[in-house]
Amino acid sequence: MGGEKIGSASGKLIVPCDPIILKMDGDGIGPEIISAALPVIDAAVESAYHGKRRISWKKVQAGKDAERSHGSLFPGSTVSALKEYKFLLKGPLETPVGKGYRSPNVHIRLLLDLYANIRPVKYIPGLDSPLKHPEKVDMVIIRENTDDLYTGIEWPSNSKAANELRKYLKDRLNSNIEKDAGIGIKPIGKAKTERITRLALKYAIDNRRKSVTIMHKGNIMKYTEGAFRDWAYNVAKREFGKKSVTEAELNGKFHGRMPKGKVLINDRIADNMFQQIITRPESYDVILAPNLNGDYISDAAGALIGDIGVLGAANIGDYGGVFEAVHGTAPKYAGKNVANPMGIIKAGELMLLHIGWAEAARSIKKAVEASIGQRKATADIARFIGAKPLGTKEFAGNLVDIIESGKAR
């Protein structure tokens, strides 16, 4: 295999010319799309750096694949590899609804403290969007990844723990919860809110975005989501005051005229946010949200461009990252060579950007746009552009051809 581990010093990544990055097939269509994506990523790296850089891939397992070969959904060897190498390109993993094991996706995020989920959503010409002007959609959702209801602190309605908690709440805090109700705890912490806010503001400034909108339901959940809003504003004012301006300052001090070189900080109630990204998507750039809201708004934003399957996501922390497609396992399409691998390929693009290989990332972006421009796409897109669909392998092969021809530079 060869290669070296990605390191870090003084808060910055140290990326060798041959970094070791883990790959995980996942469940359902995962093995097919991972198999399709790797040659595209490798071709982009080769085209950009002409042999001076390469990725050394190391396979790890989780989910049903791991259960078959190791007798465990999340074997110790995978845990050890994740802790050692910290960077992973991951296929989708199945999570049962309402019963069974805890989400392995959440397990990985907590294991590596990947506190930020970054999901860019930008319209690609040729997609069949429900909007009249989908070209106005160009936003990035930054979601806190380790707090909120996703901490998994909950109990079934008829459990001993739920009964004890109901009694404590009634006797000590004069709060009643019905006997037939399951109970979940929603923690949102100050330190976690502050660090995701720093990341979002730094991302906006570094990428020359126009605004950061704090999405919350603080009018109802005042001490969790309301606190998220307040803590985020405090970080913006205290640590980014010279590079940002609040909406109140914009309308008062600056008389509605945005000062040059600054990022606008505002906030919106969650339910209002959903309708506004539909009616006026051009008004939203970076959206900062707690975990559950961020999950919801990410998929809603993906629907605006017409196909959530083309989106990739980056789960990052200070010293690691997991990169994956937004969609699920889609088991009914597994093994049929029809799944669209674009989501995991775009995740690879985000991975290359994160490790500082922007030239290779740019090749992937341009190749995807070029392929759709050639009317060469998988069935989910081809049917809307009146084209003959390509299979999973064939679409990925076309991207490799475009990259190797130099048309993606």
Side-chain angles (χ1 to χ4, degrees), residues 11 109-110 113-121 139-151 185-254 258-259 261-277 280-281 283-298 300-301 313-318:
R109 293 170 195 163
L110 295 177
D113 197 23
L114 305 177
Y115 61 86
N117 180 283
I118 302 177
R119 188 181 300 185
V121 182
M139 60 185 75
V140 180
I141 292 90
I142 297 183
R143 163 190 170 195
E144 203 291 321
N145 229 3
T146 63
D147 216 0
D148 202 352
L149 294 175
Y150 286 69
T151 53
I185 304 294
K186 179 187 175 73
I188 290 185
K190 182 178 181 181
K192 289 185 175 182
T193 299
E194 289 182 338
R195 70 177 180 176
I196 192 68
T197 303
R198 289 186 191 101
L199 186 145
L201 286 163
K202 188 174 185 304
Y203 181 96
I205 292 165
D206 291 347
N207 291 278
R208 299 182 181 180
R209 310 295 296 203
K210 297 174 295 184
S211 65
V212 174
T213 299
I214 306 160
M215 176 186 177
H216 62 93
K217 193 64 178 171
N219 57 330
I220 303 299
M221 291 172 277
K222 301 181 187 300
Y223 308 118
T224 51
E225 297 201 17
F228 182 92
R229 169 194 179 274
D230 293 343
W231 290 327
Y233 268 125
N234 288 340
V235 168
K237 293 175 182 177
R238 184 176 68 245
E239 301 180 25
F240 295 86
K242 293 182 179 180
K243 295 183 178 180
S244 67
V245 57
T246 66
E247 197 165 55
E249 291 171 334
L250 173 64
N251 295 327
K253 182 179 179 180
F254 297 103
M258 190 66 193
K262 293 202 175 188
V263 175
L264 175 66
I265 311 297
N266 56 17
D267 72 279
R268 297 290 181 269
I269 300 295
D271 44 344
N272 185 35
M273 186 88 255
F274 278 100
Q275 63 93 11
Q276 290 214 6
I277 65 167
R280 43 187 297 191
S283 297
Y284 296 97
D285 197 341
V286 175
I287 298 173
L288 169 62
N291 211 336
L292 186 61
N293 287 341
D295 195 0
Y296 292 155
I297 200 72
S298 294
N315 300 281
I316 65 171
D318 293 331

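Note that the structure is predicted; figures quoted are calculated from it, not measured.
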side-chain contact (heavy atoms from CB on, under 4.5 Å) partners of [X], counting only residues at least two apart:
{"X": "Ala313", "result": "Asn117, Arg119, Val326"}
{"X": "Thr146", "result": "Leu110, Asp113, Tyr115, Glu144, Lys192, Arg195"}
{"X": "Thr246", "result": "Tyr233, Lys237, Ala248, Glu249"}
{"X": "Asp271", "result": "Lys217, Ile269"}

At what distance, to the nearest 0.5 angstrom, does [atom1] of [X] lie from [atom2] of [Y]?
{"X": "Ile205", "Y": "Lys262", "atom1": "CD1", "atom2": "NZ", "value": "10.5 Å"}
{"X": "Ile287", "Y": "Ile214", "atom1": "CD1", "atom2": "CD1", "value": "12.0 Å"}
{"X": "Asp148", "Y": "Glu225", "atom1": "CG", "atom2": "CD", "value": "6.0 Å"}
{"X": "Asn266", "Y": "Arg229", "atom1": "CG", "atom2": "CZ", "value": "10.5 Å"}
{"X": "Leu199", "Y": "Ile142", "atom1": "CG", "atom2": "CD1", "value": "5.5 Å"}
{"X": "Glu194", "Y": "Glu239", "atom1": "CD", "atom2": "CD", "value": "7.0 Å"}

Residue that, paired with Val140, satisfies side chain to side chain contact (heavy atoms under 4.5 Å, CB included) out of Asn207, Ile118, Leu288: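 For Val140, the side chain to side chain contact (heavy atoms under 4.5 Å, CB included) check succeeds only for Ile118.
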
Residues that Asp230 engages under side-chain hydrogen bond (donor to acceptor under 3.5 Å, both in side chains), provided they are two or more places apart: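 Expected list: none.
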
Arg208: side-chain hydrogen bond (donor to acceptor under 3.5 Å, both in side chains) partners, not counting sequence neighbours: none

[X] side chain near [Y] side chain, heavy-atom distance below 4.5 Å:
{"X": "Thr213", "Y": "Met273", "value": "yes"}
{"X": "Leu264", "Y": "Val212", "value": "no"}
{"X": "Arg209", "Y": "Val263", "value": "no"}
{"X": "Phe228", "Y": "Ile196", "value": "yes"}

Geometric cation-pi criterion, Arg143 with Tyr150: 6.0 Å, 45°: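 Arg143 over Tyr150 ring: yes.
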
Please give me the minimum heavy-atom distance between [X] and [Y], naming the atom from each residue.
{"X": "Ala232", "Y": "Thr193", "result": "N-CG2, 4.2 Å"}
{"X": "Ala301", "Y": "Met139", "result": "CB-SD, 4.0 Å"}
{"X": "Ser283", "Y": "Ser211", "result": "O-OG, 4.2 Å"}
{"X": "Phe274", "Y": "Met215", "result": "CE1-CE, 3.7 Å"}
{"X": "Ser244", "Y": "Ala236", "result": "OG-O, 3.6 Å"}

Can you check whether [Y]'s main-chain N or O pairs, donor with acceptor, with [X]'s side chain at less than 3.5 Å?
{"X": "Thr151", "Y": "Asp147", "answer": "no"}
{"X": "Asn315", "Y": "Leu114", "answer": "no"}
{"X": "Lys253", "Y": "Leu250", "answer": "no"}

For [X], does the [atom1] atom sit with more than 12 other heavy atoms under 6.0 Å from it, leaving out its own atoms?
{"X": "Lys186", "atom1": "NZ", "value": "yes"}
{"X": "Tyr223", "atom1": "OH", "value": "no"}
{"X": "Tyr203", "atom1": "OH", "value": "yes"}

Arg268 and Tyr284: CA distance, side-chain angles, deciding distance, side chain to side chain donor-acceptor pair (under 3.5 Å) verdict: CA-CA 11 Å; Arg268 297 290 181 269; Tyr284 296 97; 3.1 Å; yes

